[in-house]
There are 2 protein chains.
Amino acid sequence: MAEQLVNVHDLVGRCPYATSQKLLAGKWSLLIMHELSEGPVRVRELERRLYPITQATLTRALRQMEDDGLVHREVYGTIPPKVEYSLTEVGAEFKAVLASLEKWGNQYIDYMKAAGRI
Amino acid sequence: MAEQLVNVHDLVGRCPYATSQKLLAGKWSLLIMHELSEGPVRVRELERRLYPITQATLTRALRQMEDDGLVHREVYGTIPPKVEYSLTEVGAEFKAVLASLEKWGNQYIDYMKAAGRI
DNA sequence: CAGAATCCTGAGAGATACTG
DNA sequence: CAGTATCTCTCAGGATTCTG
């Protein structure tokens, strides 16, 4: 019996780690999830908070995340236009991850500072 | 008073989210953390589990993570060579994040399947 | 077995200008 | 204000070869 080598790319949609990696791959997705974690935010406001992200990049990221089912896009038919992004149901569940990530991130920062590596 | 725009890149080393994003940015870091979460693993074994990662890419990633203080490299002066990677103290703390990520990842997969989007 | 050294490619992100 | 359309460019990652 030859050893079977599993291609990890094929695990997206099956393995929670491979899937998460894919979803969070971008340079901005994690930060966007965090910004939306406390409620809907308008595009312009996101742009400010994520400075120096560019409009094109932000739009691309948000659309991708919408396709991935993480965020919801709410369009108000007003002039001037108003669009708010918020977390979907599954997206909101991600807040648990954000919480543990925040905790660990702070531990990490403290640790590295104490070790003089920051 | 002009509005101050904070550059999120400057938050690395201060904000837990910006910092985590930076650390997990790579295509493989999250998966490597997971593979090492249950104990030391030899390079060759990592290569197999992370197929189709290339040797050069794996080495680069591991060295970066070593610099970041996430993993430890143990060299056994034997012939043939044997090198094991393991999580450092802070690296091991990351297992809490992996746990919540695993939970969420599975929720996500189930949710998307139920919605027929996978 | 582990990894160094090269070269190369492509996808993602930045910059810019324009529209309803 | 939100979004589209291009174009450019960087660099992370892939492929390959070589060594102790």
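In what follows, chains are A, B, ... by sequence order, proteins preceding strands, each numbered from 1.
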Ignoring hydrogens and angles, tell me if any N or O in the side chain of A:Thr57 forms a donor-acceptor pair with the backbone of A:Ile53 under 3.5 Å.
no

Take atom CG of B:Leu62 and atom C1' of C:dC1, then tell me their distance rounded to the nearest Å.
14 Å

May I ask you to verify if any side-chain N or O of A:Arg60 is less than 4.0 angstrom from the OP1 or OP2 atom of D:dT4?
no

Report yes if a side-chain nitrogen or oxygen of B:Arg73 is closer than 4.0 Å to either non-bridging phosphate oxygen (OP1 or OP2) of C:dA2; otherwise report no.
no

Comparing nearest nucleotides in DNA chain D, the 5'-proximal residue of the pair B:Pro81, B:Gly26 is B:Gly26

Think A:Lys27 has a side-chain N or O under 4.0 angstrom from the OP1 or OP2 of C:dG14?
yes

Quick one: does B:Arg14's side chain have a donor or acceptor within less than 3.5 Å of a partner on B:Asp10's backbone?
yes

Does B:Asp68 reach the main-chain N or O of B:Leu70 with its side chain, forming a donor-acceptor pair under 3.5 Å?
no

To the nearest angstrom, how far is A:Gln55 atom CD from D:dC7 atom P?
19 Å

Taking the nucleotide of DNA chain C with the nearest heavy atom to each, does B:Ala56 or B:Glu45 sit closer to the 5' end?
B:Glu45

Nearest to the side chain of A:Val43 - D:dG3, C:dG3, C:dC1?
D:dG3

Using only atom types and a distance under 3.5 Å, with no angle test, would you say the side chain of A:Ser37 pairs donor to acceptor with the backbone of A:Lys95?
no

Do B:Glu74 and B:Tyr85 have a side chain donor and acceptor closer than 3.5 Å?
no

Report which part of the nucleic acid A:Ala61 touches: base, sugar-phosphate, or nothing (heavy-atom distance under 4.0 Å, all strands).
nothing

Closest listed nucleotide, where the reference is the side chain of A:Thr57 and the choices are D:dG13, C:dG14, D:dG3
C:dG14

Taken to the nearest whole Å, CH2/A:Trp28 to P/C:dA13 is 9 Å

Presence of B:Tyr85 side-chain N/O under 4.0 Å of C:dG3 phosphate oxygens OP1/OP2
yes

Return the value, rounded to whole Å, for the distance between atom CG of B:Leu58 and atom P of D:dT16.
18 Å

Output yes when a side-chain donor or acceptor of A:Thr19 lies under 3.5 Å from a complementary backbone atom of B:Gly105, and no otherwise.
no

Between the two ends of the helix from C:dC1-D:dG20 to C:dG20-D:dC1, what is the bend in degrees, rounded to 10 degrees, where each end axis spans five pairs?
50°

May I have the distance from B:Glu74 (atom CD) to C:dA2 (atom C1'), rounded to whole angstrom?
15 Å

Check whether any side-chain nitrogen or oxygen of B:Arg44 sits under 4.0 Å from OP1 or OP2 of C:dA2, and answer yes or no.
no

Sidechain-backbone polar pair: B:Gln107 side chain, A:Val90 backbone, donor-acceptor under 3.5 Å:
no

Spacing between A:Leu24 atom CG and C:dG12 atom P, to the nearest angstrom
15 Å

Take atom CG of A:Leu50 and atom P of D:dA2, then tell me their distance rounded to the nearest Å.
13 Å

It should be established whether B:Thr54 places a side-chain nitrogen or oxygen under 4.0 Å from OP1 or OP2 of nucleotide D:dA15.
no

Rounded to the nearest angstrom, tell me the gap between atom CG in A:Leu23 and atom C1' in C:dG12.
16 Å

If you take all heavy atoms of B:Trp28 and A:Val8, which pair is closest and at what distance?
CZ3-CG2, 3.6 Å

